[in-house]
Structures are given as C-alpha cells and as structure tokens.
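Okay, structure first, notes after.
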Amino acid sequence: MGFKIRTSHQTAELFGLLGKSQQLQPFTLAKLAISLSVKSPNPLSETDFNTDNKGLELNRQTITGEFDALIKCLIEQNEGRYIEESEYFQTYVKAHLDRGAVLLFNEHKYGGDLFVQLLQTDQNI
C-alpha cells in the first residue's frame with residue numbers, strides 16, 4: 001500500500017500556474033481537483049489512468065487527511081463498485097487528481113474568479 005503518489009508533469013505545471021495566480025498550495029489544489037473530478041458526470045477513461053509520474057510528489061495524509069474514508073467512499077460511488085485498498089490511492093486518487101487538475105485549470109481560465117466560479121457552478125463542490 002503506497003502512501004505517496006507523483007502527479008503527472010501536466011498536473012505539476014497546472015498547479016504551478018494556479019498556485020501563483022491564486023496563492024494556493026498544491027495540497028489545497030489537489031483537494032479541489034479531486035472534488036471536481038469525482039463530481040464530473042463523465043466516468044474516468046483509460047487515458048486518465050495512463051498519465052506519467054513526472055510531477056509533484058504528494059503524501060496521502062496531506063491530500064486526503066481526516067477525509068480519507070469519505071473520499072474513498074465518494075470514489076467508490078462514482079465507480080459504482082467497491083475499490084480495494086491496494087488500488088484506491090495509487091490508481092484512483094491519482095487518476096482523479098490528474099483529471100481534476102485540468103478541470104480546475106479550465107474553471108480558472110474560463111470562469112474568472114476561481115472561488116466564485118466553483119461555488120456558482122451547477123456542479124459546485
């Protein structure tokens with residue numbers, strides 16, 4: 001069971017841009033990204049699971065913290081099945097993190113004030 005993951009290179013770049021413009025740390029951006037991805041009506045695709053590991057190294061406790069069981073439950077609901085502990089963090093959290101980073105960046109890029117946009121979207125987190 002792994003307690004660290006590496007984001008994709010693209011996620012690291014997007015978090016760098018978002019971090020500078022919004023004054024947010026990667027662990028905060030990770031939580032927002034996962035939330036947007038899990039809330040998305042589109043299921044994870046094969047490409048979401050096949051991203052590189054050349055980005056930021058993030059710790060499980062830093063990303064999910066006290067909400068680890070809740071996040072796992074939300075991902076299981078999203079998938080419609082039980083997810084083994086061995087695949088939860090390394091596979092599913094990473095996939096949602098990398099996909100969510102793109103969704104989060106697009107909200108920032110096309111929506112104006114990121115926080116207002118996240119609160120007003122019909123899929124708000």
Exercise for the section: State, yes or no, whether a side-chain contact exists between Thr11 and Leu56 at a heavy-atom distance under 4.5 Å. Expected result: no
Exercise for the section: Identify the two heavy atoms, one from Ile63 and one from Leu58, that lie closest to each other, and give their separation to 0.1 Å. Expected result: CD1-CB, 3.5 Å
Problem - Contacts of type salt bridge (Lys or Arg N to Asp or Glu O under 4.0 Å), residue Asp68, not counting sequence neighbours - result: Arg60
Exercise for the section: Report yes or no: does Arg6 contribute a side-chain atom to a donor-acceptor pair with the main-chain N or O of Gly55 at less than 3.5 Å? Expected result: yes
Handout entry: Worked check of salt bridge (charged side-chain N to carboxylate O under 4.0 Å, His left out) between Glu87 and Arg81
Key = CA-CA 12 Å; Glu87 61 181 341; Arg81 70 177 187 88; 3.4 Å; yes
Practice task
List in chain and number order the residues that pass side chain to side chain contact (heavy atoms under 4.5 Å, CB included) with Asn42, two or more places apart in sequence or in another chain; answer none if no residue qualifies.
Solution key: Ser40, Arg99
Completion exercise
Residues passing the side chain to side chain contact (heavy atoms under 4.5 Å, CB included) test with Thr62, sequence neighbours excluded, are Phe27, Asn59
Practice task
Might you point out which heavy atoms bring Lys20 and Gln23 nearest each other, and give the distance in Å?
Solution key: O-NE2, 2.9 Å
Problem - Glu107 side chain near Leu32 side chain, heavy-atom distance below 4.5 Å - result: no
Exercise for the section: For the residue pair Gln10 and Thr51, establish whether any side-chain heavy-atom pair is separated by less than 4.5 Å. Expected result: no
Handout entry: Contacts of type side-chain hydrogen bond (donor to acceptor under 3.5 Å, both in side chains), residue Gln25, not counting sequence neighbours
Key = none
Exercise for the section: Measure across Ala101 and Ala33 and return the closest heavy-atom pair with its distance rounded to 0.1 Å. Expected result: N-CB, 3.5 Å
Problem - Working for side chain to side chain contact (heavy atoms under 4.5 Å, CB included), residues Ser37 and Leu44 - result: CA-CA 9 Å; Ser37 180; Leu44 290 171; 4.3 Å; yes
Handout entry: His108 and Ser21, any side-chain heavy atoms less than 4.5 Å apart
Key = yes
Exercise for the section: Check side-chain hydrogen bond (donor to acceptor under 3.5 Å, both in side chains) between Gln61 and all other residues, then give those that pass, not counting sequence neighbours. Expected result: none
Exercise for the section: Under the side chain to side chain contact (heavy atoms under 4.5 Å, CB included) rule, collect the residues that match up with Leu17, sequence neighbours excluded. Expected result: Phe105
Completion exercise
Exactly one candidate in Asp98, Val102, Thr7 meets side-chain contact (heavy atoms from CB on, under 4.5 Å) with Leu14; the answer is Val102
Practice task
Using side-chain hydrogen bond (donor to acceptor under 3.5 Å, both in side chains) as the criterion, list what pairs up with Ser45, not counting sequence neighbours.
Solution key: Thr47, Asp48
Handout entry: Any side-chain heavy-atom pair of His96 and Val93 under 4.5 Å
Key = no
Handout entry: Side chain proximity check, Asn50 to Glu46, heavy atoms < 4.5 angstrom
Key = yes
Handout entry: By ring pair (Phe, Tyr, Trp, His ring centres under 6.0 Å) - contacts of Tyr92 (at least two apart)
Key = Phe49
Practice task
Report the residues that fulfil side chain to side chain contact (heavy atoms under 4.5 Å, CB included) with Glu76, sequence neighbours left out, ordered by chain and then residue number.
Solution key: Lys72, Tyr82, Ile83
Exercise for the section: Please name all residues satisfying salt bridge (Lys or Arg N to Asp or Glu O under 4.0 Å) with Glu57, sequence neighbours left out, ordered by chain then number. Expected result: Lys4
